[in-house]
2 protein chains.
Amino acid sequence: MKFQDFIDKVKLAQSKGELISFFCKCAITYSGRAESYLDFGDRLIIIKQDKTLLIHQPDGGMPINYLKAPASAEFILDETQEKPFILLEGRSGADEIDCEITKVYDLYSRKLIDGLKQDLAGSEAEMSDYIRDHPEIISKDFIPLSREEHTKYGFIDVFGHTGDGTLLIIECKRYTAGLSGVTQLRRYVEKMKSLKGIKAVTGVIAAPAITSNAMEMLKDWKLDFIRVDPPKRFVRKNKRQKKIESFF
Amino acid sequence: MKFQDFIDKVKLAQSKGELISFFCKCAITYSGRAESYLDFGDRLIIIKQDKTLLIHQPDGGMPINYLKAPASAEFILDETQEKPFILLEGRSGADEIDCEITKVYDLYSRKLIDGLKQDLAGSEAEMSDYIRDHPEIISKDFIPLSREEHTKYGFIDVFGHTGDGTLLIIECKRYTAGLSGVTQLRRYVEKMKSLKGIKAVTGVIAAPAITSNAMEMLKDWKLDFIRVDPPKRFVRKNKRQKKIESFF
DNA sequence: ATATAGATCTCGTCA
DNA sequence: TGACGAGGTCTATAT
């Protein structure tokens, strides 16, 4: 594709508020929170409708370069060498990407209509909901008082007390709990002890598993681990359907 | 685009090892580590050459759904309703996406040649390199012994001692240090004290800034903060070039 | 494989 | 706006 065609297509697509996607050969210099250089290769570049910029290599899940919305772009021509490139700039001007493009293979754009948000289940928030609604999985006499609460002690997943009046802080982890989860819990317990002047405060890690180092630290600090599996909400679709085609 | 055309194009592209990108209208059900549902809307779907799957909405930086490489796909036809959809499955079978597609607007594919890796500067590792090579920014008598070392005390960014023999652990943060950075440092210092039986162990947060809560906690634990800016390696390109075109 | 921690993290949320 | 923590985090590295 000729460079002028490319410019014309991008401008037209932009004016219509379309998402733009193109394959090209380019070299990329990024300067902002970090700095990077990537020499010439084929990449997929996407400019979303909110002017998010994504640059993807042919493999891997993460973009190799990106700019948060809204990014701006302008074409620049190096006066001496006549190398065209695109200068992309982040909103604040703190981030910028020089994308030197030597070939544009294809450019496709379309206005995508989609204002929907995903309904996600299985988060840590739902796990703390579940514990609040099933306090018996923590202990027979556990009485939850609050959940997902931002306190001056920190963001506490579940908070309550046991029959003998001991305050109990629960830190939920959806996966194997590690050292950082234990230090986080310990911080909450300590802070509540010192600020309330109460000694009868304890903490529990609620997670499906815990690493051995974390378990050791937990014991050192007289904290507890209770195995809790994160709840699931949706049921999988019936897989017994007629197969049409199968590939890769 | 007709459904059979879509299947044929995907199969052909797959056989040639191409990256596939298409706009479509679809509804997505995900089940795996979490579960989600997203009703019908227009999206950009990318199948990379290593069979990474990415599904993007028209706005936002993150894919709304994805599968890590290598994902597999097959077309399914619901027997009663004759709704075609694609069943995408993660490698282990633990993750799966049902993508019910009612329209395919465009499909583009190309073999992208790019085996290069990005040269990235400004990481925390480079910051610890810098401190090791410029120990005077910590103190006049600081002598670094190791850097980025995985020890039984933890992963310590920079470790050394001062003139009077006090052991010093440095935790680097590229941006404003927060509570978690302080608890992390505190954990290393405590562990080294207890395992070595030495009291003369102290810790330093090296970062461009620190939050007030973190600073308070740091003082409580007799730890220190030293302002250090992360080093930069690349110089920005000269921006004074001739402008060709500018858009959005 | 598991554990640990960084990331141009991103994203939401609350004070 | 800054601070704080979760994330289907992902990715790299060491044990």
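Here is the naming used below: chain letters follow the sequence lines, and residue numbers restart at 1 for every chain. In this text the structure is predicted, and so the values were computed from the model without any measurement.
Taking the C1' atoms as reference points, D:dG8 lies 25 Å from C:dC14, given to the whole Å. Using P as the reference atom, C:dC11 and D:dT11 are 16 Å apart when rounded to the nearest Å. Spacing of C1' atoms, C:dA5 relative to D:dG7, comes out at 15 Å, to the nearest Å. Look at the C1' atom in both C:dG6 and C:dT10: the space between them is 14 Å, to the nearest Å.
Distances shorter than 4.0 Å separate none of the side-chain N or O atoms of A:Ser212 from OP1 or OP2 on C:dA3. Side-chain N/O atoms of A:Asn213 include one lying less than 4.0 angstrom from OP1 or OP2 on C:dT4. Here B:Tyr175 does not reach the OP1 or OP2 of C:dT8: none of its side-chain N or O atoms lies under 4.0 Å away. At the phosphate of D:dG5, OP1 or OP2 sits under 4.0 Å from a side-chain N or O atom of A:Tyr188. Contact annotation: A:Gln184 reaches the phosphate of D:dA6 (side-chain N/O to OP1 or OP2, under 4.0 Å). Put simply, B:Arg174 has a side-chain N or O that comes within less than 4.0 Å of OP1 or OP2 on C:dC9. Contact annotation: A:Lys68 side-chain N/O to C:dT10 OP1/OP2 distance is under 4.0 Å. Contact annotation: B:Arg187 side-chain N/O to C:dT4 OP1/OP2 distance is not under 4.0 Å.
Nucleic acid contact class of A:Glu149 (heavy atoms, under 4.0 Å, all strands): none. A:Ser180 comes within contact range of no nucleotide atom at all, as no heavy-atom separation falls under 4.0 Å. Using a 4.0 Å heavy-atom criterion, one finds that A:Leu67 contacts no nucleic acid atom at all.
The residue among A:Ala34 and B:Gly61 whose nearest nucleotide of DNA chain C is located toward the 5' end is A:Ala34. In terms of position on DNA chain D, the residue among A:Asp157 and A:Met62 whose nearest nucleotide sits closer to the 5' end is A:Asp157.
Of the listed nucleotides (D:dC4, C:dT4, C:dT8), C:dT8 has the atom at the smallest distance from the side chain of B:Gln118. Listed nucleotides D:dA6, C:dT8, C:dG6 differ in distance to B:Lys173; the shortest reach to its side chain belongs to C:dG6. Side-chain atoms of A:Tyr66 lie closest to C:dC9 of the nucleotides D:dA6, C:dT4, C:dC9. Side-chain atoms of A:Asp95 lie closest to C:dT8 of the nucleotides D:dG5, D:dA3, C:dT8. Among C:dG6, D:dC10, D:dG5, the nucleotide with an atom closest to any side-chain atom of A:Phe155 is D:dG5. Of the listed nucleotides (C:dA7, C:dT8, D:dG5), C:dA7 has the atom at the smallest distance from the side chain of B:Glu124. The listed nucleotides are C:dA5, D:dA3, D:dA14; the one nearest the side chain of B:Thr176 is D:dA3.
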With salt bridge (charged side-chain N to carboxylate O under 4.0 Å, His left out) as the test, would you mind laying out the steps for A:Asp119 and A:Lys117 before giving the verdict?
CA-CA 7 Å; A:Asp119 180 15; A:Lys117 291 200 173 177; over 6 Å; no

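More than 12 heavy-atom neighbours from other residues, nucleotides or ligands sit within 6.0 angstrom of CZ on B:Phe155.
Distance CG (B:Asp119) to C1' (C:dT8): 14 Å, rounded to an integer number of Å. B:Lys191 places its NZ atom 14 Å from the C1' atom of C:dA3, with the value rounded to the nearest Å. Rounded to whole angstrom, the span from the CZ atom of A:Arg91 across to the P atom of C:dT10 amounts to 15 Å. For the pair B:His150 NE2 and D:dA12 P, the computed distance is 14 Å after rounding to whole Å. Distance, B:Met215 CE to D:dA3 P: 14 Å, rounded to whole Å. The CD atom of A:Glu148 sits 17 Å away from the C1' atom of C:dA15 (whole-angstrom rounding). Distance CD1 (B:Ile64) to P (C:dG12): 9 Å, rounded to an integer number of Å. We find that CG of A:Leu120 is positioned 9 Å from C1' of D:dG7, with the value rounded to whole Å.
Between B:Glu149 and B:Arg147 there is no salt bridge, since no side-chain nitrogen of the basic residue lies less than 4.0 Å from a carboxylate oxygen of the acidic one. Between B:Arg186 and A:Glu190, at least one side-chain nitrogen of the basic residue sits less than 4.0 Å from a carboxylate oxygen of the acidic one, meeting the salt-bridge criterion.
Because its NZ or CZ atom is both nearer than 6.0 Å to the ring centre of B:Tyr175 and within 45° of the ring axis, A:Arg33 counts as a cation-pi partner of that residue. With B:Tyr153 as the aromatic partner, B:Arg187 does not meet the cation-pi criteria of under 6.0 angstrom to the ring centre and within 45 degrees of the ring axis.
A donor-acceptor pair is defined here as one N or O able to donate and one able to accept, closer than 3.5 Å; such a pair exists between the side chain of A:Asp59 and the backbone of B:Asp50.
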